[in-house]
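All values below were derived from every heavy atom in this structure, side-chain atoms included, with hydrogens, water molecules and symmetry-related copies excluded.
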Number of protein chains: 2
Amino acid sequence: MLLPMERSTATNHAAVLDAARTLFADHGYRGTSMKDIAEVLGVRAPSLYNHVASKQDILHAIMDKAMDRAITALDEALAGISDVSEQLRRATESLVLDFLRYPAEVTVCNNEVRSLDPGNRIAIVAKRDQYAGRLRKIIEQGCRSGRFQTRTPQLAAFAVLEMGNGAKSWFKASGRYTDTYVAGEYGEFALRVVGCTDSSGRSPSAKGPQRSKPQVS
Amino acid sequence: MLLPMERSTATNHAAVLDAARTLFADHGYRGTSMKDIAEVLGVRAPSLYNHVASKQDILHAIMDKAMDRAITALDEALAGISDVSEQLRRATESLVLDFLRYPAEVTVCNNEVRSLDPGNRIAIVAKRDQYAGRLRKIIEQGCRSGRFQTRTPQLAAFAVLEMGNGAKSWFKASGRYTDTYVAGEYGEFALRVVGCTDSSGRSPSAKGPQRSKPQVS
DNA sequence: ACTACTAATTAACGTTCGTTAGTACCGTAT
DNA sequence: ATACGGTACTAACGAACGTTAATTAGTAGT
C-alpha cells in the first residue's frame, strides 16, 4: 500500500481539522455540531470518530497547531536581531502576517479558549502567555534602554497585540493591500505606540521610503 | 400598587439581562442555558418567560443597550470639540472607558454578533458600523488637514478600535491603574498611531505633564 | 370577600447534541 | 481465495436544550 486510497474526497485527520476550523471560526465551538463538520466532508457524523477521538480533541488540535505555528514564526522573525526597535517591528509584522494568513485559526484561538477542557486550556493559555510575554519583554527592554518612550510598557504591549485583530477583520473585507504591506504598516503603528523615534535605518515617517507598495488585489 | 413588591431578590426584565450579561460574556450565548440564567436569579428556567420573550431577545436587548450607550458616550465626548486631534483623543478615551466600565457588554458585542438572528444582526451591525465610521472619519479628516501622518487612515482606524480590547482584557487582570488613567494612555496611543505631532495643548510626550496619576487599587 | 394580575411552579413537548455499538463494504496483502 | 485493516454506514443511547401548557400562590384594588 504505497499510495493512499484515492477517493473523491479524502477524509483523514487533517481534513477533519480543516473543515472544523472554518466552522468553529464562523459559528463557534458550541455552535458547530459534529454533523456540521461531517457534512462539509460529505460524510455522516459518526464516521468522524475514525479520525479523531472527540469534538474537544478537534478544538485542542486546531489551537495547539496554531499556537505552535505563531511561536515558530516569531522565533524566525527575531532570529539574529539584536536591535530592539527592529525586534518590535519584526515581531509585530510576524504577528499581523500570521493573523492575515490564518484568520480562522486566530479567530478560534481568540474566542474559544473558554471552550477548552481544563487540562487543554492551561496548556494553550501557557503558550499564549509565552507569546505575549516575549512581546512585552521587547517593549520593556526598549523602555529601559531609552529607545522607547511610554509610561506604560505593559499597556502598550497589549495595545500592539490587539491591533492585529483589527487588521484581520478589516483585511477580510477590503482587498486593497497585500498582507505584507498591511503587516508593514502595523509594524510602524507598533513603533509609534511605544514612542520610538529612531527605528534604526528604516524610516517610521510617512515621508520616508516605503517598504512595499500597496497593491490592488 | 405604588411600591413594587419587595422580594428578597426582585426578578424583572433588567435583572434577567444583568444575569445573562455575565454568563454570555464568560461562556458565550450558546454555552449559556436558560437554566443557567435562572439559577443566578434563584428561579426555574420557565419563570424567565414572564419577563422576556425568548433567549434571543435577551441577547438582542443586551447588545442594543450596550451599543446605544457607547454611541451616546461618543456623542458627549465629541460635543463642541472642533480640533481634530482633540476629537481623536476624546473619542479614544470614550471608547476605552466604555470598554473598561462595561467589559461584559463589550465582550458580548464583540463575540456574539454571529449568534443574533438575521433581523437583529443587521440592526446591531448598523450601529456598530456607525460607531466605527465616525472614528474613521475623524482620522481621515486629520489626514486631509495634514495634522495626522499616516498612509492608511482606514487601517489606523481599525488599529485604534481594536486597541481598546487589549485594555479591557488587561485591565481585568491587573488593578494598578484607574480606568481614566488607562483611557488617557490609550488616547495618547491613538494620536501616536495616526502620526499626530501636535496635539493642541496637551503633551503627547512622556516627559510632559500627566493628565492623571496612576493609582494602586 | 371577590376579582384581577403577576410571577412562580411542575410536567412535558419535540429537537438536537456527542458519542457508542454493531455491521457492511472495499482495497490490499498473504 | 481468504483474511485483514481501514472506513463508512444505520441505529440507538442518554442528556440537555428552548419553549409551552396548566396550575398554584400571593398581592392589590374594589
S.K.: By the salt bridge (charged side-chain N to carboxylate O under 4.0 Å, His left out) test, which pairs, at least two apart or in different chains, include something from residues 32-41 of chain A?
M.R.: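 Salt bridge (charged side-chain N to carboxylate O under 4.0 Å, His left out) check on residues 32-41 of chain A returns no pairs.
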S.K.: Sequence neighbours left out, what passes side-chain hydrogen bond (donor to acceptor under 3.5 Å, both in side chains) with B/Ser115? Give chain and number order.
M.R.: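 side-chain hydrogen bond (donor to acceptor under 3.5 Å, both in side chains) check on B/Ser115 returns B/Glu112.
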S.K.: Which pairs of donor and acceptor atoms, one on a side chain in residues 94-103 of chain B, lie under 3.5 Å apart (sequence neighbours left out)?
M.R.:
unit_1, atom_1, unit_2, atom_2, d
B/Asp98, OD1, B/Arg69, NE, 3.2
B/Arg101, NE, B/Asp179, OD2, 3.0

S.K.: Per the salt bridge (charged side-chain N to carboxylate O under 4.0 Å, His left out) rule, what does the pair list look like for residues 118-128 of chain B, sequence neighbours excluded?
M.R.: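 Every salt bridge (charged side-chain N to carboxylate O under 4.0 Å, His left out) pair that includes a residue of residues 118-128 of chain B, provided the two are not neighbours, is B/Asp64-B/Lys127, B/Asp68-B/Lys127.
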S.K.: In whole Å, I'd like the distance from the CG atom of A/Asp57 to the C1' atom of C/dG18.
M.R.: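 Nearest whole value for this atom pair: 13 Å.
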S.K.: Just the rounded figure in Å: distance from P of D/dA8 to CD of A/Glu39.
M.R.: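 In whole Å, D/dA8 P lies 15 Å from A/Glu39 CD.
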S.K.: Look for any protein N or O under 3.5 Å of an N or O in nucleotides 10-17 of chain C and output each such pair with its distance, or none.
M.R.:
unit_1, atom_1, unit_2, atom_2, d
C/dT10, OP2, B/Arg44, NE, 3.1

S.K.: If you find the nucleotide of DNA chain C closest to A/Ala53 and the one closest to B/Val43, which residue's nucleotide is nearer the 5' end?
M.R.: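 Residue closer to the 5' terminus by nearest nucleotide: B/Val43.
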S.K.: Who passes side-chain contact (heavy atoms from CB on, under 4.5 Å) against A/Cys109, sequence neighbours left out?
M.R.: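 Applying side-chain contact (heavy atoms from CB on, under 4.5 Å) to A/Cys109 gives A/Met63, A/Ala66, A/Met67.
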S.K.: Take the protein atom CG of A/Leu23 and the nucleotide atom P of C/dG18, then report the distance between them rounded to whole Å.
M.R.: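 It is 12 Å, rounded to the nearest whole Å.
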S.K.: Could you tell me how far apart A/Asn50 (CG) and C/dT19 (C1') are, to the nearest whole angstrom?
M.R.: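 Rounding to the nearest Å, CG of A/Asn50 and C1' of C/dT19 are 13 Å apart.
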S.K.: At less than 4.0 Å, is any side-chain N or O atom of B/His51 found next to OP1 or OP2 of C/dT6? Yes or no.
M.R.: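 No, because none of the side-chain N or O atoms of B/His51 sits under 4.0 Å from OP1 or OP2 of C/dT6.
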S.K.: In terms of side-chain geometry, is the basic nitrogen of B/Glu86 or B/Arg89 positioned less than 4.0 Å from the acidic oxygen of its partner?
M.R.: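 Looking at B/Arg89 together with B/Glu86, the answer is yes, because their closest N to O distance falls below 4.0 Å.
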S.K.: Over how many whole Å does the gap from B/Asp117 atom CG to D/dG18 atom C1' extend?
M.R.: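 It is 13 Å, rounded to the nearest whole Å.
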S.K.: Between A/Ser54 and C/dG18, does any side-chain N or O lie under 4.0 Å from OP1 or OP2?
M.R.: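 No, because none of the side-chain N or O atoms of A/Ser54 sits under 4.0 Å from OP1 or OP2 of C/dG18.
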S.K.: For the pair made of CG in A/Leu48 and C1' in D/dA8, what is the distance, rounded to whole Å?
M.R.: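 Rounding to the nearest Å, CG of A/Leu48 and C1' of D/dA8 are 11 Å apart.
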S.K.: If you pin A/Asn12 and B/Gln56 to their nearest nucleotides in DNA chain D, which one's is more 5'?
M.R.: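 Taking each residue's closest nucleotide, the earlier one in sequence belongs to A/Asn12.
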